[in-house]
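As structure tokens, the structure follows; a few thoughts come after it.
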Amino acid sequence: MSQPLLTLDFLDTPTLPTAAVDAATHAHEPSGQVRVQAATRTGKSRKLYIESYGCQMNFSDSEIVSSILFEQGFDTTDQLEGADLVLLNTCSIREKAEQTVRMRLSQINSHKKRNPGLLVGVLGCMAERLKSKFLEEEKLVDLVVGPDAYRDLPQLIQQVDGGQKAVNVLLSREETYADITPVRLNSNGITAFISIMRGCDNMCSFCVVPFTRGRERSRDAHSIVQEARDLVAAGYKEVTLLGQNVDSYKWASEDGTEAVNFAQLLERVALVNPLLRVRFSTSHPKDITDEVLHTMASYDNICKYIHLPAQSGNSRVLALMNRTYDRPWYEERVRAIRRIMGEDCAISTDMIAGFCSETEEEHQDTLSLIDFVQYDMGYNFFYSERPGTLAARKLADDIPLEVKKRRLQEVIDRQQLHARARYARMVGRVHQVLVEGRSKRSEEQLSGRNSQNQVVIFPRGTAQKGDYVNVLVTSTTGAALIGEIV
Ligand code: SAH
Ligand code: SF4
Ligand code: F3S
């Protein structure tokens, strides 16, 4: 199935090496990429066009929405032209993310003028944040549905078909969509997302997610393992377990005889099939345990890559952010990763530059943490105040924009220095690579990733999409490894 990845606008300059886009999916996707769902054509009477913004949770949710609407007589299409229903699955994480959606809505507005029958819906985090205000602000919108209300979509669409506007933004303490088999639209047929939990209880002071996604809840472990089995049976070779904070996964059977934590879940999924690669995202530094690290070390098919967002390298700023760990704690977790899995385990981060009251010295601490960890990858942003968050209510957004941007650039530059060095140390070694498809640049080249999530590009030979191949890496562009099959 084709997987159009349309980069409309990179928000807040995340430092994603360009070659990472060459791979079909990567473990953590910053806001700023929008993916148009591929088409399913099974002769249904109506056509759904869905665009997803923000994080992987949204991309994964769009697959659930497509599944619910498929049952209701909607095929998906990758063309806005000819669609009967347009859904934007939106993100609120930074102001720029919301602006991108507003711009897209105005384009869709002019399209709707030419196609008066078109229905337009807004899903996801912006829908949850703005609720029915959306209908007042954006006259073209017919439908506003929050992340926990997707089961209500058929009923809401009926309401819209009847000429009314429809809103459901109720959050739930239980909804995990465990029984819904996603329509795999985000996938290349090789890699897939499995959502293992929803919501977040952490209340980091800068973050809107607890407000838009509601309380944290974990999905039934058996349904997760079953989904992994089904994916293997359908030919998939890699799953990414998704949650805002996967290390706090906690599920117990109703009769109380079975309790599963994240390390145990990871092991159960790894045991589904030794040829199924297992990734996960995101790990919160306060929760990642040695048990998880030992489980990772014990299974070759659990990929040696951890997305461990630090946000800042300074303990006072971390306290203001309400991250509940300090710098020594974070450094100790990194030492534990190195101790248990060795130097090869890749680590990536998210950093926020210019958070409320951050001094130059405190910014320097972020740079020195980057030097300490030597991250393989980083998604870096400048602070963007979000209405209703703890920081917006209690702290002044007092760092001038130019200073935020300059600090962000310094963070990016420092992080890229280490990323290049981390790529360079892989040259001359043989890597096991899962082939994900042909390289964006050439028909003759294939592209895949190693366990560390680094992109590897090599001449195709006889290898096929979905194969595991051993590639001797001979050079690096600084953002991808180049080699040949051995
Ligand atoms: N659950 C993940 C984060 C999800 S949001 C975690 O705790 O690590 C993805 C990233 O967006 C965050 O890690 C943070 O770096 C960034 N972010 C969140 N809110 C932000 C804000 N108000 N301004 C700038 N960046 C923000
Ligand atoms: Fe936001 Fe913090 Fe939850 Fe991550 S852990 S989603 S940054 S509140
Ligand atoms: Fe954005 Fe919501 Fe994800 S705010 S980052 S889409 S959880």
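Counting convention: from 1, in listed order, for ligands and their atoms alike. Hydrogens, waters and symmetry mates are skipped; everything else that's a heavy atom, side chains included, is used.
Proximity of Gly124 to ligand 3 is not established, as no heavy-atom distance is less than 4.0 Å. Taking a 4.0 Å cut-off on heavy atoms, Tyr379 fails to register as neighbouring ligand 1. The shortest separation from a heavy atom of Val209 to ligand 1 is not under 4.0 Å, leaving the residue out of contact. Residue Arg213 places a heavy atom less than 4.0 Å from ligand 3. For the ligand labelled ligand 3, residue Gln244 lies inside the 4.0 Å heavy-atom shell.
Using a 4.0 Å cut-off to heavy atoms of Phe206, the atoms of ligand 2 that qualify are 7 (S). Close contacts of ligand 3 with Cys91, meaning ligand atoms under 4.0 Å from a residue heavy atom, involve 1 (Fe), 4 (S), 5 (S), 6 (S). Close contacts between ligand 3 and Cys55 involve ligand atoms 3 (Fe), 5 (S), 6 (S), 7 (S) [criterion: under 4.0 Å to a heavy atom]. Short contacts between ligand 3 and Asn58, defined as distances under 4.0 Å to a heavy atom of the residue, involve ligand atoms 6 (S). Atoms of ligand 1 lying under 4.0 Å from any heavy atom of Pro309, numbered from 1 in the order shown and given with element: 8 (O).
Note: Ser312 OG to His363 NE2 = 10.5 Å, rounded to the nearest 0.5 Å.
Counted by atom type alone, His307 and Ser348 present one or more donor-acceptor pairs between their side chains at under 3.5 Å. A side-chain donor from one of Glu51 and Tyr49 sits under 3.5 Å from a side-chain acceptor of the other. Side-chain atoms of Lys286 and Asn202 form a donor-acceptor pair, as typed in the model, at a separation below 3.5 Å. Checked by atom type, the side-chain pair Ser62/Asn89 shows a donor-acceptor distance below 3.5 Å. For the residue pair Asp287/Asn245, the side-chain donor-acceptor check at 3.5 Å is satisfied. Side-chain contact annotation: Gln409 with Arg406, donor-acceptor N/O pair under 3.5 Å absent. With hydrogens and angles left out, the side-chain atoms of Arg316 and Ser357 include a donor and acceptor closer than 3.5 Å.
If you check each of Ser384, Ser92, Gly354 against atom 23 (N) of ligand 1, the one with the closest non-hydrogen atom is Ser384.
The shortest heavy-atom contact between Ala310 and Met351 is CB-CE, 3.8 Å. Taking both residues in full, the closest heavy atoms of Ser451 and Cys303 are given as O-CB, 3.3 Å, listed atom of the first, atom of the second, then distance. Closest approach of Leu390 to Asn322, counting heavy atoms only: CD1-ND2, 4.2 Å.
The shortest N/O to N/O separation between Arg323 and ligand 1 falls below 3.5 Å. An N or O contact shorter than 3.5 Å is missing between Met351 and ligand 1 by distance. For a threshold of 3.5 Å applied to N or O pairs, the pair formed by Asp350 and ligand 1 contains at least one separation below that value. Of the polar atoms of Asn245, none of the N or O atoms is found under 3.5 Å from an N or O of ligand 1, judged by distance alone. Here's the thing with Arg94: one of its N/O atoms is less than 3.5 angstrom from an N/O atom of ligand 1. Remark: ligand 1 and Tyr383 share no N or O pair separated by less than 3.5 Å (distance only, no angle test).
The proximity of Ile352 to ligand 1, defined as any non-hydrogen pair under 4.0 Å, is limited to the side chain. If you look at Phe381 next to ligand 1, the close heavy atoms, those under 4.0 Å, all belong to the side chain. In Glu385, neither the side chain nor the backbone holds a heavy atom less than 4.0 Å from any atom of ligand 1.
Between His222 and Trp251, the ring planes are perpendicular. Angles over 60° get that label, and only those under 30° would be called parallel.
Protein-derived N/O/S atoms nearer than 2.8 Å to atom 2 (Fe) of ligand 2 total 1, waters excluded.
Glu343 pairs with exactly one of Lys304, Arg335, Arg338 by the salt bridge (charged side-chain N to carboxylate O under 4.0 Å, His left out) rule, that one being Arg338.
Under the side-chain contact (heavy atoms from CB on, under 4.5 Å) criterion, Phe134 pairs with Arg102, Leu105, Val122, Met126, Leu130, Glu138, Val141, Val144, not counting sequence neighbours.
Among the backbone and side-chain atoms of Cys125, none of the N, O or S atoms lies under 2.8 Å from atom 1 (Fe) of ligand 3.
Seen from the ring of Phe381, Arg94 counts as a face-on cation partner, given the 6.0 Å and 45° thresholds.
In summary, the aromatic rings of Phe355 and Phe382 are positioned with their centroids too far apart to meet the 6.0 Å limit.
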